[in-house]
There are 2 protein chains.
Amino acid sequence: MRDVDEHTITDEVIDRFKDTPDPRLKQIVESLVHHLHDFVRDVEPSFDEWMGAIQFLTRTGQICSDSRQEFILLSDTLGVSMLVDAINHRMPEGATETTVLGPFYVEDPPVFANGADISAGQPGEPLYVDAQFTSPEGAPLAGATVDVWQSDSEGYYDVQRSDLEGAALRGRLFADEEGRVRFWSIAPTAYPIPYDGPVGDMLTATKRHPWRPAHLHFMVAAPGYETLVTHIFVAGDRYLESDAVFGVKSGLIDPFPPQAPGVAPDGRRMDRRWRRLDYRFGLKRAPAAAAAPAAQR
Amino acid sequence: MRDVDEHTITDEVIDRFKDTPDPRLKQIVESLVHHLHDFVRDVEPSFDEWMGAIQFLTRTGQICSDSRQEFILLSDTLGVSMLVDAINHRMPEGATETTVLGPFYVEDPPVFANGADISAGQPGEPLYVDAQFTSPEGAPLAGATVDVWQSDSEGYYDVQRSDLEGAALRGRLFADEEGRVRFWSIAPTAYPIPYDGPVGDMLTATKRHPWRPAHLHFMVAAPGYETLVTHIFVAGDRYLESDAVFGVKSGLIDPFPPQAPGVAPDGRRMDRRWRRLDYRFGLKRAPAAAAAPAAQR
């Protein structure tokens, strides 16, 4: 009988997983036990603190539903989601950085022609977007599938609006021969992540706010390239330095420069202030394509 | 704008907790982020693996109910509960080691006089227990409150039996002037922890079994001493080396020596084989009492 104490129990538990058939699962549980035990030894929780952790995790699971994923929110607010993103997207020169998908993406959004207005009549400051999608070296990706989605002028996505029927401020466009899409929308706004659950309690207890800075989401797919999931953030937003989910990267901030009334690039006559976003996105080659880069151009 | 990558994000997240008012909470969240990020960097989860973890934790929370606590079971099976126990019970010489409380303790169990039978007629091999409770130096703790509980001959606790009314195989006794309690019961048996949920899935995927070796639970309270929560395990049990919750310590194993038919210590005539447990338990002084040990004798 090998007696275990607070120092030797970790090896004992890891040893118990020795017959795990899947080597990857074995690696994960061994590492989990190692780091989890180190955490416990580090903070030396009282029994009451341990029970508090059990209850926090239980509440986090129980508030999850078809329309809410509190464990993803916990992962987001502890920086784990962005860490997993960084590990899975080590980007080469010329490729646009990635950030979190977020909970508001909807599969198969409505399709728009180039130049269309995706705002579905939602009020806000008009925004004209001219985006180009290329290889890391700048070769246009004609036909790329470009999904965009964003919050409205009050900080809500369409799926959070019970008064809306159908999509608004989201859509799918296809890049033209220059690899470009153009569309009208409205300027996105900052918004809080859901904070009426355990994650909100954690933010409150640690004096953190739940806000995300204003941003426009993109998900871009092109054959031979890794699908790009990212946002472009609006420069000057007060939450850029303190995004609740740590999603901001400086290369993803754009001034969305304000424009005086006049004629827009597509000839539309603007009688009020509007903004524009001109941005070039570089996509990373998928691993198989990277082996034969010449074939991709 | 400080740009973060997979290495610098940890400091960025820890910095975000800098205004946490409660210094203990601040210490805990900082350590959590540090160790959690180290774990993620160590295993480099794919997006699918990360989503698998989110779903495992969600299922673990959602199966919890008034009568089931799957996160405690997860803590138990990962050795965390015993690690927390070890950290909170660094025992002096002469004090009995502790182990997990388990989910089957019931507050305010039925009270029995010394010498009573607590089995409520449950079938099994008769067991006579003679236990003494003392200070670490061996001074008897007269009047100590002794709660005992155990599984039946089929591996179930009374609270798991829908066909039972009232308690069986559990009770409260009070130590006599020699610090002793004596009672009749039946020999406890091995049993599996609940394995029809996410924790059971983890055990199956890692080829671990859900069994706990046979044991008799004790919770002992005496003024001026830390309440002792422990089990005494039956020597020879096939699961002693592989308790699913890592609760076994060699000092807590006893042969429960089998006895031939004849006369028991209390004069009861036994016409079949029976077992006995004679055990001395040492209790640790509570911190306040330790400052004035002479007053405790």
Side-chain angles (χ1 to χ4, degrees), chain A residues 1 3-6 9-10 12-13 16-17 19-22 25 27-29 31-33 35-47 49-50 54 57-62 64 69 71-72 75 78-80 82-84 86-88 205-208 240-242 246 248-250 253, chain B residues 1 3-6 9-10 12-13 16-17 19-22 25 27-29 31-33 35-47 49-50 54 57-62 64 69 71-72 75 78-80 82-84 86-88 205-208 240-242 246 248-250 253:
Chain A
M1 178 76 216
D3 259 311
V4 298
D5 60 23
E6 64 191 272
I9 189 171
T10 304
E12 174 75 15
V13 177
R16 200 70 69 79
F17 284 105
D19 296 329
T20 303
D22 178 344
L25 178 61
Q27 177 196 11
I28 290 171
V29 292
S31 178
L32 172 66
V33 170
H35 290 288
L36 184 57
H37 283 207
D38 276 355
F39 166 56
V40 173
R41 269 188 292 268
D42 190 16
V43 302
E44 298 200 342
S46 69
F47 183 81
E49 288 172 339
W50 170 83
I54 295 288
L57 291 168
T58 304
R59 285 200 297 136
T60 302
Q62 299 215 322
C64 290
Q69 227 312 342
F71 270 114
I72 290 186
S75 170
L78 292 177
V80 171
M82 277 306 289
L83 176 55
V84 171
I87 285 167
N88 284 281
T206 58
K207 290 211 183 291
R208 286 178 54 184
L240 280 175
E241 297 283 343
S242 63
F246 304 94
V248 182
K249 296 174 179 175
S250 58
I253 302 173
Chain B
M1 177 76 215
D3 258 310
V4 299
D5 60 24
E6 63 191 273
I9 189 171
T10 305
E12 173 76 14
V13 177
R16 199 69 70 78
F17 284 105
D19 296 329
T20 303
D22 179 344
L25 177 61
Q27 178 196 11
I28 291 172
V29 292
S31 178
L32 172 66
V33 170
H35 290 288
L36 184 57
H37 283 207
D38 276 356
F39 166 57
V40 173
R41 269 187 292 266
D42 190 16
V43 302
E44 299 198 342
S46 68
F47 183 81
E49 288 172 339
W50 169 83
I54 294 287
L57 291 168
T58 303
R59 284 199 299 134
T60 301
Q62 299 215 322
C64 290
Q69 226 313 340
F71 269 114
I72 290 185
S75 170
L78 292 176
V80 171
M82 278 306 289
L83 176 55
V84 172
I87 285 168
N88 284 280
T206 59
K207 290 211 183 291
R208 285 178 54 184
L240 280 175
E241 298 282 344
S242 62
F246 304 93
V248 182
K249 296 173 178 175
S250 58
I253 302 173

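So that the names make sense, note that chain A is the first sequence line, chain B the second, and so on, each numbered from 1.
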Next on the checklist: Does any backbone or side-chain atom of B:R16 lie under 4.5 Å from a heavy atom of chain A? Answer side chain, backbone, both or neither.
Outcome noted: both
Next on the checklist: Test your reading of the model: is there a side-chain donor-acceptor pair from A:Q62 to the backbone of B:C64, 3.5 Å cut-off?
Outcome noted: yes
Checklist entry - Where does B:R59 contact chain A at under 4.5 Å (heavy atoms): side chain, backbone, both or neither? => result neither
Checklist entry - B:D38, B:V13, B:D19, B:V33: which one forms the most heavy-atom pairs within less than 4.5 Å of chain A? => result B:V13
Checklist entry - Closest heavy-atom contact between A:E12 and B:E241? => result OE2-O, 4.2 Å
Item to check | chain A contact via B:L78 - which portion, at a heavy-atom distance below 4.5 Å | outcome: both
Checklist entry - Roughly how far, to the nearest 0.5 Å, is the CD1 atom of A:I54 from the CD atom of B:Q69? => result 6.0 Å
Checklist entry - Top residue by heavy-atom pair count (under 4.5 Å) with chain B, among A:L32, A:D5, A:L25? => result A:L32
Item to check | B:F39, part contacting chain A, at a heavy-atom distance under 4.5 Å | outcome: both
Item to check | Part of B:V80 within contact of chain A (heavy atom distance under 4.5 Å) | outcome: both
Checklist entry - In terms of heavy-atom proximity below 4.5 Å to chain A, should B:L36 be classed as side chain, backbone, both, or neither? => result side chain
Checklist entry - Which bit of A:I72 is near chain B, if near means a heavy-atom gap under 4.5 Å: side chain, backbone, both or neither? => result both
Next on the checklist: Which one wins on heavy-atom pair count under 4.5 Å against chain B: A:I28, A:T10, A:D22, A:V29?
Outcome noted: A:I28
Checklist outcome for this item: Smallest heavy-atom separation, A:N88 atom then B:S46 atom, equals OD1-CA, 3.6 Å
Checklist outcome for this item: Looking only at heavy atoms, the pair that brings B:Q27 and A:V43 closest together is O-CG1, 4.4 Å
Next on the checklist: Quick check on B:S242 against chain A: is it the side chain, the backbone, both or neither that has a heavy atom closer than 4.5 Å?
Outcome noted: both
Item to check | Distance, nearest 0.5 Å, that separates OG1 of A:T206 from CZ of B:F17 | outcome: 5.0 Å
Checklist outcome for this item: Between B:A205 and A:T20 the two heavy atoms that sit nearest each other are O-CG2, 3.9 Å
Checklist entry - Just wondering, do B:T60 and A:L57 contact through their side chains at under 4.5 Å, heavy atoms? => result no
Next on the checklist: On a heavy-atom basis, which atom in B:L83 and which in A:E6 lie closest, and how many Å separate them?
Outcome noted: CD1-O, 3.4 Å
Next on the checklist: Quick check on the interface: out of A:S75, A:P45, A:S31, who has the most heavy-atom pairs with chain B under 4.5 Å?
Outcome noted: A:S31
Item to check | Exercise: identify the closest heavy-atom pair between A:I9 and B:G79 | outcome: CD1-O, 3.5 Å
